[in-house]
Amino acid sequence: MKQNLLELDAAGLTAWFAALGEKPFRAKQVLRWLHQFGEADFGRMSDVAKNLRAQLPELAEVRLPQVLRDATATDGTRKWLLDVGNGNAVECVFIPEENRGTLCISTQAGCALDCAFCSTGKQGFNRNLTTGEIIGQLWWAKHALGDFRMPGAAVGRRPAETDFCAERIISNVVLMGMGEPLANYENVVAALRLMLDDNACGLSRRRVTVSTSGIVPAIDRLRDECPVALAVSLHAPTDGLRDRLLPINRKYPLSELMAACRRYLERSPRDFITFEYVMLDGVNDSTEHARALIRLVRDVPCKFNLIPFNPFPAAGFARSPAQRVRRFAEILMQAHIVTTTRKTRGEDIDAACGQLAGHVRDRTRRGETRIVTIAEVAS
Ligand code: SAH
Ligand code: SF4
């Protein structure tokens with residue numbers, strides 16, 4: 001079986017070349033070709049010794065998930081549906097903004113954590129994505145958006161972060177697509193290492209964000225092994241309500257989660273945790289909830305990101321009215337907590353938070369929603 005080189009981070013690739021009797025700089029060369037220039041053809045990796053270049057196709061391959069659908073919303077948000085085999089597909093979304101471009105990627109096909117308000121959770125768990133399937137989403141998006149560097153361009157000293165990011169189309173990556181990243185820890189961390197590695201994608205730690213529903217031991221592990229910006233899906237100020245909305249809370253209640261956030265901040269590249277809070281009409285959006293939240297996060301430097309709930313068929317929740325979201329934000333801000341409200345993007349292509357379900361809805365028949373199977377899309 002050929003080794004898919006996208007599955008390996010720098011350490012893995014170095015070990016793989018060492019087993020062939022090759023020096024570590026070969027790994028660096030190949031990482032650059034794969035992740036900086038987007039080159040998947042070994043024959044074109046011009047600084048790799050000719051005999052090795054000729055040998056590589058017998059031993060290795062660059063296998064990417066196949067793109068089943070590529071849709072662009074009226075607001076410029078773009079979504080790719082990627083086939084990951086056995087009838088599973090995952091989604092990946094690019095969100096262009098004035099001063100940055102964010103790619104939201106998936107880490108699992110489905111999710112086992114079954115949060116009450118999440119469409120991915122409703123579909124159940126299929127499997128973990130491999131490192132190559134996770135980094136493959138960034139590869140495809142860079143390819144489609146023309147964000148790979150030309151091989152001729154200088155690969156010199158890394159410019160200051162502002163310049164470095166300004167010249168990129170994808171400046172930020174968030175692991176907020178389908179799945180719980182920290183439930184697929186090993187593969188996610190290897191993919192994170194590739195995102196951060198200067199010989200690979202070279203993104204700043206501050207511009208790569210893991211979003212978690214709160215798997216406490218894995219938050220600690222990430223802190224020790226690969227700290228990046230952290231977003232925690234909070235969604236409720238009390239254990240009673242959070243137990244209902246996010247079943248994982250029964251295992252890791254709020255007191256433990258808050259303590260893990262404080263520990264994370266000791267090593268985090270950012271000096272705050274982002275708390276995500278989905279606004280569910282009549283469920284978690286009252287002034288009392290806001291006040292209880294302020295008490296809860298008293299000892300955790302944080303920012304809040306309020307997410308208007310994005311409906312999906314049979315969700316059983318409704319979006320809080322805009323006026324209530326504003327009031328909620330005001331109360332938090334009066335307590336000096338920086339609070340933003342997430343703009344809903346890509347609604348016309350079902351690309352908004354919590355709507356990624358790995359299937360494509362057929363909108364050609366009015367008033368009717370039909371789930372199109374992957375086979376149909378591909379054909
Ligand atoms: N599993 C991780 C990351 C993926 S979900 C997590 O839960 O954090 C990314 C974000 O979208 C989370 O904050 C999640 O709670 C939120 N979300 C899920 N379903 C949603 C919906 N229907 N509307 C708005 N946000 C939703
Ligand atoms: Fe999984 Fe996150 Fe959805 Fe919860 S919100 S079911 S953890 S993807």
Side-chain angles (χ1 to χ4, degrees), residues 88 90-91 104 106-129 174-188 209-222 230-261 263-264 273-286 288-289 292-293 295-297 300 302 304-320 342 352-359:
N88 289 320
V90 296
E91 295 180 318
C104 175
S106 296
T107 56
Q108 298 181 310
C111 182
L113 298 190
D114 198 22
C115 300
F117 47 82
C118 175
S119 162
T120 307
K122 291 286 154 248
Q123 86 179 66
F125 176 68
N126 294 312
R127 70 168 172 86
N128 282 330
L129 298 190
V174 295
L175 276 61
M176 292 184 187
M178 297 167 66
E180 166 53 48
L182 297 186
N184 181 14
Y185 185 87
E186 303 287 343
N187 295 341
V188 162
T209 302
V210 165
S211 172
T212 180
S213 54
I215 304 184
V216 166
I219 293 176
D220 283 328
R221 227 181 131 189
L222 190 70
L230 189 69
V232 171
S233 295
L234 200 51
H235 307 324
T238 59
D239 281 322
L241 181 56
R242 199 166 188 269
D243 281 353
R244 254 199 317 127
L245 297 176
L246 294 85
I248 188 74
N249 194 70
R250 297 173 203 156
K251 199 159 177 197
Y252 305 112
L254 283 168
S255 58
E256 287 182 31
L257 182 56
M258 292 302 118
C261 289
R263 290 192 295 275
Y264 196 85
I273 301 285
T274 302
F275 286 125
E276 296 163 276
Y277 197 92
V278 61
M279 298 294 290
L280 303 167
D281 186 18
V283 175
N284 65 352
D285 61 350
S286 72
E288 289 71 35
H289 289 121
L293 271 182
R295 289 194 294 277
L296 176 73
V297 303
V300 185
C302 64
F304 264 81
N305 190 216
L306 306 181
I307 315 174
F309 171 68
N310 294 308
F312 53 90
F317 292 100
R319 181 182 288 184
S320 305
R342 196 175 290 179
C353 312
Q355 288 185 323
L356 306 184
H359 57 239

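Note that the coordinates shown come from a computational prediction; the quantities given were computed from them, not determined experimentally.
- Side-chain atoms of Val297 and Ile273, non-hydrogen and from C-beta on, never get closer than 4.5 Å to each other.
- Of all heavy-atom pairs spanning Asn284 and Tyr277, the tightest one is O-OH, 2.7 Å.
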Please evaluate residues Phe275 and His235 with respect to the criterion ring pair (Phe, Tyr, Trp, His ring centres under 6.0 Å), reporting the C-alpha separation (whole Å), side-chain torsions for both, the decisive distance (0.1 Å), and the verdict. CA-CA 8 Å; Phe275 286 125; His235 307 324; over 10 Å; no
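- A pairwise comparison of heavy atoms in Phe317 and Ala116 identifies CE1-O, 3.4 Å as the closest pair.
- For the residue pair Glu180 and Leu113, the shortest heavy atom distance occurs at CG-CD1, 3.6 Å.
- A salt bridge links Glu186 and Arg221; the closest N-O separation between the charged side-chain nitrogens and carboxylate oxygens is under 4.0 Å.
- Side-chain atoms of Tyr185 and Leu182, non-hydrogen and from C-beta on, do get closer than 4.5 Å to each other.
- Closest approach of Glu91 and Ser106 over heavy atoms only: O-OG, 2.5 Å.
- The closest side-chain heavy-atom distance from Thr209 to Met176 is below 4.5 Å.
- Val232 is listed as a side-chain neighbour of Cys261, based on a closest heavy-atom distance under 4.5 Å.
- Nearest heavy-atom pair, Lys251 versus Glu256, reported as atom, atom and distance to 0.1 Å: O-OE1, 4.4 Å.
- Salt bridge present: Lys122 and Asp114 bring a charged side-chain N and a carboxylate O closer than 4.0 Å.
- Here CD1 of Ile307 is found 4.5 Å from CD of Glu276. Values are rounded to the nearest 0.5 Å.
- Counting only heavy atoms from C-beta outward, the side chains of Met258 and Leu234 approach each other to under 4.5 Å.
- Atom-to-atom distance recorded for Cys115:SG and Leu245:CG is 8.5 Å, nearest 0.5 angstrom.
- Atom SG in Cys111 sits 9.5 Å away from atom CE in Met178 (nearest 0.5 Å).
- Side-chain contact between Val210 and Thr107 is absent, with no heavy-atom pair separated by less than 4.5 Å.
- Considering Asp285, Asp281, Asn310 as possible partners of Arg319, the one that fulfils the side-chain hydrogen bond (donor to acceptor under 3.5 Å, both in side chains) test is Asn310.
- The one candidate from Leu296, Asp239, Ile219, Thr212 that meets the side-chain contact (heavy atoms from CB on, under 4.5 Å) condition with Leu257 is Ile219.
- A 4.5 Å side-chain heavy-atom check between Leu241 and Val283 finds at least one atom pair inside the cut-off.
- With a 4.5 Å cut-off on side-chain heavy atoms, Phe117 and Leu280 count as touching.
- In summary, the side chains of Asn128 and Gln108 do present a donor paired with an acceptor at a separation below 3.5 Å, with no hydrogens or angles considered.
- The distance from the CZ atom of Arg244 to the CZ atom of Arg250 is 10.0 Å, given to the nearest 0.5 Å.
- Comment: Arg263 engages Asp220 in a salt bridge, judged by a side-chain N to carboxylate O separation of less than 4.0 angstrom.
- What you find for Asn249 and Arg242 is that their closest heavy atoms are OD1-NH1, 2.8 Å.
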